[in-house]
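Working notes for the structure below.
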Amino acid sequence: MKISVAGTGYVGLVTAVCLAERGNNVTCLDIDEEKISQMNKGIAPIFEPGLEELMKKNKDNITYTTDYTKAYSDARIIIIGVGTPEKKDGSANLNFVYEVARQIAQTVENDCVVIVKSTVPVGTNDKVEQIININKKNNVLIEVVSNPEFLSQGTAVNDTLNAARIVLGVESENAENVLKKMYNDFNIPFVVTDRRSAEMIKYAANDFLALKISYINEMANLCEIVGANIDDVATGMGMDPRIGNRFLNAGIGYGGSCFPKDTKALHWLASFNDYELKTVKAAIEVNENQKIKLIKKSRKYYDTFNGLNIAVLGLTFKPGTDDLRDAPSLVNIPLLIEDGAHVKAWDPVGAENFKKLFPDEIYYCDSIQDTLIDADICFIFTEWAEIKNFPLYKYKELMKNPLILDGRNCYSLTEAEEAGLVYESIGRRKVNS
Ligand SMILES: NC(=O)c1ccc[n+]([C@@H]2O[C@H](COP(=O)([O-])OP(=O)(O)OC[C@H]3O[C@@H](n4cnc5c(N)ncnc54)[C@H](O)[C@@H]3O)[C@@H](O)[C@H]2O)c1
Ligand SMILES: O=c1ccn([C@@H]2O[C@H](COP(=O)(O)OP(=O)(O)O[C@H]3O[C@H](CO)[C@@H](O)[C@H](O)[C@H]3O)[C@@H](O)[C@H]2O)c(=O)[nH]1
């Protein structure tokens with residue numbers, strides 16, 4: 001049974017490769033010729049641990065193409081994994097999804113099931129089905145199913161092969177059976193529901209996690225004011241199984257390709273339907289402020305960044321990925337530059353992508369040590385293991401002023417104090433203060 005996947009980003013490519021790993025023949029389609037040419041050479045176009053190895057292992061079961069007729073005409077399952085980025089008003093841009101729907105309608109020659117894996121607002125699957133039915137050239141049955149994706153970047157392969165659940169939003173028994181067969185060898189529990197509920201599950205889950213992060217960040221902000229320590233507060237909260245200890249890391253806010261846009265898209269959808277999602281709105285507002293928290297803290301030490309040497313450790317929105325979408329670095333670094341700072345930065349995998357956006361404005365270093373040389377301040381935006389394990393105390397002499405502003409609580413307060421660093425982190429009381 002031929003499976004085709006539209007879009008070879010984090011979701012499309014990982015899904016395709018994992019389906020191949022479970023014994024399926026998969027065709028990957030993208031409009032980006034550069035990506036397709038790289039993948040045809042066995043190179044993964046994104047940094048995702050384990051992905052390139054699985055691409056190589058399953059190369060005989062995966063075809064890469066830019067030709068949608070070749071991908072769709074004889075496919076029995078087509079998975080849509082194209083982007084649904086944020087529009088200016090916060091709503092989701094569905095143009096890529098609808099374009100794929102039109103291309104499917106023009107080309108499919110057999111009965112087939114179309115799986116919408118992209119994150120889309122409630123009602124989008126209905127619209128995809130309409131577009132296909134209005135435009136289809138051949139007299140075939142094309143069913144549309146919602147099957148949202150829950151993988152996280154950096155652990156995408158493992159998350160797909162060992163997901164907590166597979167959500168199937170179906171409107172017919174046939175579609176349900178086709179999907180259950182495709183996922184049979186994954187041995188993961190199914191949640192079977194209607195299409196609209198499946199679409200809603202994805203947003204409700206992401207927004208809940210975003211809310212959890214904004215909540216702990218607000219608790220951290222209050223801890224700073226009243227003299228408590230967020231590490232201990234989070235530990236104490238997280239041991240209650242009703243709360244759980246994950247997603248309670250305070251910091252400079254959530255970034256990435258999902259939480260920022262999915263909170264705004266759900267809030268927009270609610271407003272469009274005359275309902276105000278107050279909790280989600282609060283999560284968004286808290287996150288916006290949290291992102292510039294370190295800059296605010298730095299004002300205690302400097303009125304201006306003009307002429308200062310600033311070291312930046314970590315550029316990506318989280319460790320384990322080369323993705324910069326909505327990363328706090330993208331908000332903070334322009335503020336530093338505009339104020340006249342000389343910025344040097346280090347990131348183990350994200351520097352190349354950052355260079356495409358800021359080719360000359362900052363200096364890219366090959367090591368953490370080089371970044372620290374002569375720095376007046378060191379900002380930490382991402383908790384890469386290399387940064388967390390770096391013995392700052394050994395290298396503090398390299399800095400002009402050993403002031404560390406840590407947005408990801410990478411070091412223990414005791415460790416930092418003993419090392420003689422001036423160390424500011426998020427939501428933690430200074431030892432003996
Ligand atoms: N990134 C994640 O961690 C993640 C996790 C779960 C769900 N999602 C959702 O999955 C969707 C995809 O996200 P992503 O991060 O993989 O996106 P991405 O931007 O990394 O990849 C999308 C790909 O689709 C391609 N594309 C655009 N139009 C196309 C067309 N007509 N035919 C074929 N390919 C086309 C683009 O060239 C690009 O390579 C989004 O809706 C996102 O919200 C993402
Ligand atoms: O305790 C925490 C956990 C995360 N974050 C931040 O939250 C953002 C998102 O992190 P994470 O959820 O690990 O990464 P994503 O790859 O964006 O994955 C999220 O978004 C995907 C896209 O929809 C979903 O599929 C995943 O389930 C969901 O976790 C990052 O900036 C993290 O630094 C925190 O600040 N504190």
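These numbers come from the heavy atoms of this one structure, side chains and all, not from hydrogens, waters or symmetry mates. Just so you know, ligand 1 is whichever comes first in the structure, and atom 1 is the first atom listed for that ligand.
For atom 41 (O) of ligand 1, the closest heavy atom belonging to the protein is T84 OG1, 2.6 Å. Of the protein's non-hydrogen atoms, the one nearest atom 27 (C) of ligand 1 is I31 CD1, 3.6 Å. Protein heavy atom at the shortest distance from atom 1 (N) of ligand 1 is Q153 OE1, 2.9 Å. For atom 36 (C) of ligand 1, the closest heavy atom belonging to the protein is D30 OD1, 3.5 Å. From the protein, the heavy atom lying nearest to atom 19 (O) of ligand 1 is R325 NH1, 3.5 Å. Of all protein heavy atoms, the one lying nearest to atom 29 (O) of ligand 2 is S152 OG, 3.2 Å. Here the protein heavy atom with the shortest distance to atom 26 (N) of ligand 1 is V82 CG1, 3.6 Å. In this structure, atom 22 (C) of ligand 2 lies nearest to the protein heavy atom C258 SG, 2.3 Å.
Atoms of ligand 1 lying under 4.0 Å from at least one heavy atom of C258, given by number and element, are 2 (C), 4 (C), 44 (C). Counting atoms of ligand 1 from 1 in the listed order, those under 4.0 Å from a heavy atom of K261 are 42 (C), 43 (O).
With a 6.0 Å cutoff to the six-membered ring centre and a 45° limit on the axis angle, K388 does not count as a cation-pi contact of Y411. Judged by the 6.0 Å and 45° rule, R102 forms no cation-pi pair with Y68. For the pair R408 and F381, the cation does not sit on the ring face, since its NZ or CZ is not both under 6.0 Å from the ring centre and inside 45° of the axis.
Within the 4.0 Å heavy-atom criterion, neither part of E33 lies near ligand 1. When heavy-atom distances to ligand 1 are checked against a 4.0 Å cut-off, L151 comes that close through both its backbone and its side chain. Contacts between S257 and ligand 1, counted as non-hydrogen atom pairs separated by less than 4.0 Å, involve the side chain only. The proximity of A156 to ligand 1, defined as any non-hydrogen pair under 4.0 Å, does not occur for either the backbone or the side chain. Residue R408 touches ligand 2 through its side chain alone, judged by heavy-atom distances below 4.0 Å. Contacts of K318 with ligand 2, taken as heavy-atom pairs under 4.0 Å, involve the side chain alone. Within the 4.0 Å heavy-atom criterion, the part of V100 lying near ligand 1 is the side chain and not the backbone.
Checking D262, I213, N245 against atom 4 (C) of ligand 2, the nearest heavy atom belongs to I213. In this structure, of Y203, F381, F150, the residue bringing a heavy atom nearest to atom 27 (O) of ligand 2 is F150.
Any N or O atom pair closer than 3.5 Å counts here, and D32 shares no such pair with ligand 1. Taking any N or O of Y254, backbone or side chain, none lies under 3.5 Å from an N or O belonging to ligand 2. Residue G255 places at least one N or O, backbone or side chain, under 3.5 Å from an N or O of ligand 2. By the 3.5 Å distance cut-off applied to N or O atoms, K202 is counted among the residues near ligand 2. An N or O contact shorter than 3.5 Å links N249 to ligand 2 by distance. Ligand 2 has no N or O atom lying under 3.5 Å from any N or O atom of L209, backbone or side chain. Looking at ligand 2, you'll find an N or O of F317 within less than 3.5 Å of one of its N or O atoms. Between N206 and ligand 2, an N or O atom pair is found at a separation short of 3.5 Å. Ligand 1 has no N or O atom lying under 3.5 Å from any N or O atom of D262, backbone or side chain. Between K35 and ligand 1, an N or O atom pair is found at a separation short of 3.5 Å. Between V11 and ligand 1, at least one pair of N/O atoms sits closer than 3.5 Å.
Taking 4.0 Å as the cut-off, L151 counts as a neighbour of ligand 2 on heavy-atom distance.
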- Item | Chi angles and distances behind the salt bridge (Lys or Arg N to Asp or Glu O under 4.0 Å) call for E352, K356 | CA-CA 7 Å; E352 283 310 309; K356 290 177 199 158; over 6 Å; no
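Contacts of F317 classified as ring pair (Phe, Tyr, Trp, His ring centres under 6.0 Å), with partners at least two apart in sequence or in another chain: none.
Here the closest non-hydrogen pair linking I387 and C410 is CG2-SG, 4.4 Å.
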